[in-house]
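Below is one structure, written out as structure tokens; the observations come after it.
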Protein chains: 2
Amino acid sequence: METHPKDSNRTYSIRQLSKEFDVTARALRFYEDKGLISPQRKGQTRLYSPRDRARLQLILRGKRLGFSLVEIHEILDLYTPKDHGAAQMRATLHKYRGQIETLKRQREDIDAAIKDMVEGCVWLEGQINELESETSN
Amino acid sequence: METHPKDSNRTYSIRQLSKEFDVTARALRFYEDKGLISPQRKGQTRLYSPRDRARLQLILRGKRLGFSLVEIHEILDLYTPKDHGAAQMRATLHKYRGQIETLKRQREDIDAAIKDMVEGCVWLEGQINELESETSN
DNA sequence: ACATAACTTTACGTTGACGTAAATGTAAGA
DNA sequence: TCTTACATTTACGTCAACGTAAAGTTATGT
């Protein structure tokens with residue numbers, strides 16, 4: 001067993017990743033161009049590690065949440081542990097907290113939107129029931 | 001009292017709205033161009049009603065959640081009550097439910113992101129405390 | 001050996017969401 | 001009446017996030 005099932009050393013081709021997450025290879029190269037991801041090279045071709053794969057997941061989650069690639073880049077920076085002085089670490093901590101606040105505000109927006117939609121849904125169901133009871137009279 | 005405090009007949013100028021919500025007048029005209037909002041006119045100039053204001057709030061919430069203007073347009077359609085047959089109403093109901101599902105998925109993303117950030121935060125705080133206890137030795 | 005498939009880079013094209021400049025209109029105050 | 005402030009339309013500019021076409025390289029099967 002050269003490469004056993006759950007090997008953290010396995011790699012993915014650009015097509016594998018693009019198919020798995022339903023993004024184009026062009027997009028993956030674009031993200032690399034923007035410094036969001038940096039796969040190894042075997043010659044010219046890209047080899048994505050499981051860590052690269054995880055980063056891609058974070059990128060796509062950021063996109064689903066409406067963040068720009070620049071914002072996603074900053075968020076990814078928070079995931080990649082730097083090892084510097086206490087001052088820098090405090091600054092990073094500040095960014096973490098800011099990000100958490102941003103996300104919490106976003107969740108309030110979502111909860112409000114869900115509430116609206118559920119209410120509209122209930123109202124519509126009522127209307128439909130009215131129509132049905134009319135026809136049955 | 002011609003126009004008492006909480007008059008639902010009051011109007012807003014384009015500047016008032018743009019200042020209140022911190023968007024440019026250009027953006028408001030653009031949204032109008034895309035059919036997202038349709039203020040009355042007094043001659044040439046736009047007069048926004050409280051309902052227009054509410055629509056704008058919905059637009060901006062949609063933007064914060066990362067929806068495109070086209071998507072926001074569809075969402076706004078759900079808010080504006082149409083009065084047609086049961087078949088159409090069922091179709092609308094279906095859209096409501098789809099939108100709710102979309103929003104719920106988005107909330108899962110947010111919750112996951114918040115969890116990540118909080119964990120990173122806690123870890124960082126630990127690191128900082130370590131550094132501090134070292135210097136106090 | 002040769003086609004085929006999958007990879008690469010380079011570079012120009014496209015779409016969405018506005019920004020910005022130009023030319024013009026209108027209402028209020030000095 | 002003249003200026004100042006805010007409004008309008010028209011039209012071209014811009015930036016992000018890729019799409020797409022062209023031209024070439026590498027691995028793999030027959």
Side-chain angles (χ1 to χ4, degrees), chain A residues 2-3 10-49 52-53 55-77 102 106 109, chain B residues 2-3 10-49 52-53 55-77 102 106 109:
Chain A
E2 283 233 49
T3 63
R10 71 159 296 187
T11 63
Y12 306 83
S13 80
I14 195 168
R15 287 291 153 185
Q16 281 179 318
L17 271 193
S18 68
K19 286 205 171 187
E20 178 175 1
F21 294 105
D22 196 35
V23 293
T24 65
R26 176 68 178 92
L28 294 182
R29 298 195 189 99
F30 186 75
Y31 298 152
E32 183 174 349
D33 226 53
K34 297 296 170 181
L36 297 185
I37 199 170
S38 313
Q40 295 177 336
R41 300 287 183 119
K42 173 190 158 198
Q44 285 273 70
T45 85
R46 284 161 245 259
L47 290 182
Y48 294 85
S49 70
D52 293 325
R53 202 188 93 113
R55 276 181 84 88
L56 178 57
Q57 284 184 321
L58 290 175
I59 293 170
L60 298 179
R61 188 168 76 186
K63 293 216 72 188
R64 286 194 301 272
L65 294 179
F67 292 106
S68 74
L69 293 189
V70 172
E71 290 169 327
I72 292 174
H73 191 285
E74 293 166 1
I75 295 173
L76 285 175
D77 282 347
T102 300
Q106 216 169 339
D109 274 331
Chain B
E2 283 231 50
T3 64
R10 71 159 296 187
T11 63
Y12 305 83
S13 79
I14 195 168
R15 287 292 152 184
Q16 280 180 318
L17 272 193
S18 68
K19 285 204 171 185
E20 178 176 1
F21 294 106
D22 197 36
V23 294
T24 65
R26 176 68 177 94
L28 293 182
R29 297 194 190 100
F30 186 75
Y31 298 154
E32 184 174 348
D33 225 54
K34 296 298 171 183
L36 297 185
I37 199 170
S38 314
Q40 295 177 337
R41 299 289 181 118
K42 173 189 155 196
Q44 285 273 69
T45 84
R46 283 160 246 259
L47 289 183
Y48 294 85
S49 71
D52 292 326
R53 203 189 91 113
R55 276 181 85 88
L56 178 56
Q57 283 184 322
L58 290 175
I59 292 171
L60 298 180
R61 188 169 75 187
K63 294 217 70 187
R64 287 195 299 272
L65 294 178
F67 292 106
S68 74
L69 293 189
V70 172
E71 289 169 328
I72 292 174
H73 191 285
E74 293 167 0
I75 295 173
L76 285 176
D77 281 348
T102 301
Q106 216 169 340
D109 273 331

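Every chain is numbered from 1 and lettered A, B, ... according to where its sequence line falls, protein lines coming before strand lines. Reckoned from all heavy atoms, side chains included, excluding hydrogens, waters and symmetry mates. Nothing here was measured: the structure is a model prediction, and the numbers come from that model.
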So if I take every side-chain heavy atom of B/R29 and compare against C/dA17, C/dT8, D/dT8, which nucleotide ends up nearest? D/dT8
How many whole angstroms separate atom CG of A/D33 from atom P of C/dA11? 13 Å
Please determine whether the number of non-hydrogen atoms from other residues, nucleotides or ligands lying under 6.0 Å from atom CD of A/Q40 exceeds 12. no
Are OP1 or OP2 of D/dA17 and a side-chain N or O of A/Y31 less than 4.0 angstrom apart? no
Checking contacts here: which listed nucleotide (C/dT8, C/dA17, D/dC6) is nearest the side-chain heavy atoms of B/R15? D/dC6
Among D/dC18, D/dT8, C/dC18, which nucleotide sits nearest the side chain of B/L69? C/dC18
Out of C/dC18, D/dT9, C/dT8, which nucleotide sits closest to the side chain of B/K63? C/dC18
Partner of A/D109 under salt bridge (Lys or Arg N to Asp or Glu O under 4.0 Å), picked from B/K63, B/R64, B/R61, is B/R64
For A/T24 and D/dC18, is the shortest distance between a side-chain N/O and OP1 or OP2 below 4.0 Å? no
Looking at A/Y12, I'd like to know if the NZ or CZ of A/R10 sits under 6.0 Å from its six-membered ring centre while staying within 45 degrees of the ring's axis. yes
Within less than 4.0 Å of OP1 or OP2 of D/dT26, is there a side-chain N or O belonging to A/T45? no
Nearest to the side chain of A/A27 - C/dT8, D/dT8, D/dC18? D/dC18
The side chain of A/I14 lies closest to which of these nucleotides: C/dC18, D/dA7, C/dT8? C/dT8
Heavy atoms under 4.0 Å, any strand shown: does B/K42 hit a base, just sugar-phosphate, or nothing? nothing
Which one, C/dA11, D/dA7, C/dA17, comes nearest to the side chain of A/R26? C/dA11
